[in-house]
A.B. asks: 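Let me begin by handing over the structure; questions about it come next.
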Number of protein chains: 2
Amino acid sequence: MKPNLPETHLEAWRKYYVSFWRIFAAIEVDLAAAGLPSLSWYDALYELYLAPDRRMRMSALAQSALLSRSGLTRLVDKLEKERLIERRACAQDGRVQHAQLTDKGVAVLRKIWPVYRAGLAKYFAAHLSEVEAKQVAAIFTRVIAGTQ
Amino acid sequence: MKPNLPETHLEAWRKYYVSFWRIFAAIEVDLAAAGLPSLSWYDALYELYLAPDRRMRMSALAQSALLSRSGLTRLVDKLEKERLIERRACAQDGRVQHAQLTDKGVAVLRKIWPVYRAGLAKYFAAHLSEVEAKQVAAIFTRVIAGTQ
DNA sequence: GGGATTTAGTTGCGGATGCAACTAAAATCT
DNA sequence: AGATTTTAGTTGCATCCGCAACTAAATCCC
């Protein structure tokens, strides 16, 4: 562990790594216990919710939802089967499909969020002061920019 | 997003969440490109490396390596097939198996680490000052304690 | 001591996801 | 305009992983 990776940073990574998996797993357990879809569904639906007209191109959604294109295709298959989104062909470009969030999709998003929020409050936010939360946001914003 | 989850904390979570997946995926890509096993192999081998006599009970290793018991069973199957570890029955308790790191396992660990370290330096450590790394370690140590 | 319970690990199964190959459509090049 | 290349999305396949059910061994309890 010589170049560019001081012991302090390695220790930070280890804590970050373990804490992430723990929080993630705990929230997934809570969602499953509540009979709700998993975070990957939430992520995709939420990105659509934020998007103009609540729709996005498949590949853009894949990026936002942190999935491969093929992974997103399968996820959208399932979401569409549940009528949470609709696939809509693009009139301008025949290659493109848009995923369009439906009202039912919004409703599901609103059912997931309280459980997700409670998990975040309990497993994550409870352990950060306001100042620390700001620091974490600032630090990882830089990290994200570095992996763009 | 009312109770116990201020906007600041939610923002921190979003950055933390996205940055984690980005770093994780980038490191996996680097490992695969170098023809090396994935992080899950590294995690398990490394936990064994740290353990007394370089061996652990299966269930303890599952916890340390952030896997379910069944997930660990399969991982150990593969590691054993590659002779990176050996399963050893416990003389005192017939139910227990120990995973014992082999010299070949140590060698693989030492081949993975430079690539892993380089990824960490580039995708993670480069964006944190020394002070920030200490803060991150402290904060997420608390988070981990809260999900014990 | 013998049956019931608990514990450790494994196996069957299904779900999630990525890579590579594929199809179709658009853009580019000549 | 026609051929080539690039782009968007999908599909085949393989891998990884967790839950639930299972087996075997230890412990508990009477």
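Hydrogens, waters and symmetry mates play no part in the numbers below; they use all other heavy atoms, side chains included. Naming convention: chains lettered A, B, ... in sequence-line order (proteins, then strands); numbering from 1 in each chain. A quick note: this is a predicted structure, and the numbers were derived from the prediction, not measured.
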A.B. asks: Reckon A:Ser70 touches a base, only the sugar-phosphate, or nothing at all at heavy-atom distances under 4.0 Å?
C.D. replies: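 Base contact - A:Ser70 has a heavy atom under 4.0 Å of at least one base atom.
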A.B. asks: Take the protein atom CG of B:Leu79 and the nucleotide atom P of D:dC16, then report the distance between them rounded to whole Å.
C.D. replies: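 Spelled out: CG on B:Leu79 to P on D:dC16 is 10 Å.
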A.B. asks: Which part of the nucleic acid does A:Ser40 contact within heavy-atom distance under 4.0 Å: base, sugar-phosphate only, or nothing?
C.D. replies: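 It contacts sugar-phosphate atoms only.
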A.B. asks: In this structure, how many angstroms lie between the P atom of D:dT15 and the CD atom of B:Glu82, rounded?
C.D. replies: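 After rounding, the gap between these two atoms is 12 Å.
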A.B. asks: Answer yes when A:Glu7 and A:Arg14 have at least one side-chain N-carboxylate O distance shorter than 4.0 Å, and no when they do not.
C.D. replies: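 Result for this pair is no, no salt bridge flagged.
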A.B. asks: Starting at atom CZ of B:Arg74, determine the distance to atom P of C:dG14, rounded to an integer number of angstrom.
C.D. replies: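 Going from CZ in B:Arg74 over to P in C:dG14 covers 13 Å.
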A.B. asks: Can you measure B:Arg95 atom CZ to D:dC22 atom C1' for me and round it to whole angstrom units?
C.D. replies: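 Interatomic distance, CZ of B:Arg95 to C1' of D:dC22: 16 Å.
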A.B. asks: Nearest whole Å is fine: how far is C:dG12 C1' from B:Arg69 CZ?
C.D. replies: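 My rounded result for the distance is 15 Å.
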A.B. asks: Closest to the B:Arg87 side chain: C:dA8, D:dA8, C:dT10?
C.D. replies: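 Taking heavy atoms from C-beta onward, the closest nucleotide is C:dT10.
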A.B. asks: Could you tell me whether A:Ser59 contacts a base, only the sugar-phosphate backbone, or nothing, with contacts defined as non-hydrogen atoms closer than 4.0 Å?
C.D. replies: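 Sugar-phosphate contact only.
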A.B. asks: Is the shortest side-chain heavy-atom distance between B:Lys81 and B:Lys78 below 4.5 Å?
C.D. replies: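 With C-beta onward as the side chain, the pair stays apart.
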A.B. asks: Examine A:Phe140 together with B:Tyr17 and report whether their ring centres are nearer than 6.0 Å.
C.D. replies: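 So the answer is no for these two rings.
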A.B. asks: Identify, between A:Trp41 and A:Ala91, the residue whose nearest nucleotide on DNA chain C lies closer to the 5' end.
C.D. replies: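 Result: A:Trp41.
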A.B. asks: Checking all strands, does B:Arg57 fall into the base, sugar-phosphate, or nothing category for heavy-atom contacts under 4.0 angstrom?
C.D. replies: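 Sugar-phosphate, backbone atoms only, no base.
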A.B. asks: Heavy atoms from C-beta onward define the side chain here; which of D:dT11, C:dA26, D:dA25 lies closest to that of B:Asp93?
C.D. replies: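 Nearest listed nucleotide: D:dA25.
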A.B. asks: Under a 4.0 Å threshold between the charged nitrogen and the carboxylate oxygen, would B:Arg83 count as salt-bridged to B:Asp103?
C.D. replies: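 No salt bridge links B:Asp103 with B:Arg83.
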